[in-house]
Undergrad: 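The structure under discussion is supplied below as structure tokens; questions concerning it will follow.
Just so it is clear, the model here is predicted, and its values are computed rather than measured. Keep in mind that the numbers below use all heavy atoms, side chains included, and drop hydrogens, waters and symmetry copies. Residue numbers begin at 1 in each chain, while the letters A, B, ... track the order of the sequences.
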Amino acid sequence: MSTHTDLIPQDGHADDHGHHGHDTGASHSTFKGYMTGFVLSVILTAIPFWIIMSGGLHTSGMTALVILAFAAVQIVVHMIYFLHMNSKSEGGWTLLALIFTIVLVVITLSGSIWVMYHLDHNMMPSMMEQQMKNMP
Amino acid sequence: MSDTHAHVITSDANSAGPLQFHLTHEHHPENGTLLGFWMYLMSDCLIFACLFAVYGVLGRNYAGGPSGAEVFELPLVAVNTSMLLLSSITYGFGILEMQRNRLRPMLIWLAITGLFGAAFLSLEMYEFLHLIHEGNGPQRSAFLSSFFTLVGTHGLHVTFGIVWLITLMVQTGKLGLTPENKRRLMCLSMFWHFLDVVWIGVFTFVYLMGVLK
């Protein structure tokens, strides 16, 4: 399992291990990183709240899309600056687990909403009457 | 088994000197606890995905009861969101102090984080009690059932996060910043920031989109 990390030649990094305690694992946090993440998050939170509280955009569909886009960007910001997500930590396994989870989350969410929306539509009382008429 | 294999390749890649079957410098294994904890967080993420899906399906079934636009108070939610965001950054400052091995400032930052978390919870409790008091409890409609389940599960996570935070504060206060305690603090850091990520989904998908239309 750990072959992947070991394959990378580790010469020249011996000095890094001195102060980067391997006991804490991910210890690349910096004040600048946290502040960047915080300021970006505040902006990315304030804008959607402002859009909704000032009455939204032209159509509600477009407003929904815009605030969902803001949420997606903010989640990425949190992942990078607060959760220190990168392709190198734990030999890439954290990123792989994250991608796998995102795939599952997208299937669960979009699948449920899609299927149940159509179910709702096809079970409408008006629809049922039509189907009853068509029956022999 | 895989180690021997890897070592041969490593010394090949270095291509300096004869073939060696041991590492020339000390091998530092990556910390498996953090990866394991990340796996737990991902499974937790799936729980929330299911609850979000339930809300997405039932969120417009009002059963003659109030809609989201009628019951949600956005200013309250905005204050709540900022509480959680502030608690995230103060926990980050705590981690920075931990990296500098300064126990007392770290404990102060953790205490501030806990206070922000408690403020978030009290506001949420106020909101819930207010809704129930007005007869809009979880039994009112499918929309409110799924709302209480989703937001309540998140609140429960924050509650346990605060319990964990207090435990770690006592533990680090007694034992100091040992490697074990640092590892635990890193795990709680991931948990705390993860809850903030879930809250982004909650305030966008539940509150903001609930008020819409």
Undergrad: Hey, which of Thr81(B), Val197(B), Leu85(B) has the most heavy atom pairs under 4.5 Å with chain A?
TA: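 With the most close heavy-atom pairs to chain A, the winner is Leu85(B).
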
Undergrad: For residues Tyr34(A) and Ile95(B), determine if any side-chain heavy atom of one lies less than 4.5 Å from a side-chain heavy atom of the other.
TA: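 Counting from C-beta outward, Tyr34(A) and Ile95(B) do come under 4.5 Å.
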
Undergrad: Could you tell me which portion of Thr204(B) (side chain, backbone, both or neither) has an atom closer than 4.5 angstrom to a non-hydrogen atom of chain A?
TA: both

Undergrad: Between chain A and each of Met42(B), Met190(B), Arg184(B), count heavy-atom pairs under 4.5 Å; write down the option with the most.
TA: Met42(B)

Undergrad: Among Gly33(A), Ser41(A), Gly56(A), single out the residue with the greatest number of heavy-atom pairs under 4.5 Å to chain B.
TA: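 If we count pairs closer than 4.5 Å to chain B, Ser41(A) comes out on top.
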
Undergrad: Under 4.5 Å heavy-atom distance to chain A, tell me which part of Met39(B) shows up: side chain, backbone, both or neither.
TA: side chain

Undergrad: For residues Phe52(B) and Val202(B), determine if any side-chain heavy atom of one lies less than 4.5 Å from a side-chain heavy atom of the other.
TA: yes

Undergrad: Examine whether an atom of Leu96(B) lies under 4.5 Å from a heavy atom of chain A, and if so say whether it belongs to the side chain, the backbone or both; otherwise answer neither.
TA: side chain

Undergrad: Heavy-atom distance under 4.5 Å to chain A: side chain of Tyr91(B), backbone, both or neither?
TA: neither

Undergrad: Out of Thr90(B), Leu86(B), Ile89(B), which residue meets the side chain to side chain contact (heavy atoms under 4.5 Å, CB included) rule with Ile112(B)?
TA: Thr90(B)

Undergrad: Between Phe93(B) and Phe31(A), does the ring centre distance come in under 6.0 Å?
TA: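 Yes.
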
Undergrad: Examine whether an atom of Ile102(A) lies under 4.5 Å from a heavy atom of chain B, and if so say whether it belongs to the side chain, the backbone or both; otherwise answer neither.
TA: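 For Ile102(A), there is no contact with chain B at all, as no heavy atom is under 4.5 Å.
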
Undergrad: Ring-plane angle category for His121(A) and Tyr117(A), please: parallel below 30°, perpendicular beyond 60°, tilted otherwise.
TA: tilted

Undergrad: Nearest 0.5 Å, please: how far is OG in Ser141(B) from CG in Asn61(B)?
TA: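 Between atom CG of Asn61(B) and atom OG of Ser141(B) there are 8.0 Å.
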
Undergrad: So, are Arg183(B) and Glu180(B) salt-bridged, with charged N and O less than 4.0 Å apart?
TA: no

Undergrad: Does any backbone or side-chain atom of Phe205(B) lie under 4.5 Å from a heavy atom of chain A? Answer side chain, backbone, both or neither.
TA: side chain

Undergrad: What part of Val198(B) is in contact with chain A, defined as an atom under 4.5 angstrom from a non-hydrogen atom: side chain, backbone, both or neither?
TA: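 Neither; nothing under 4.5 Å.
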
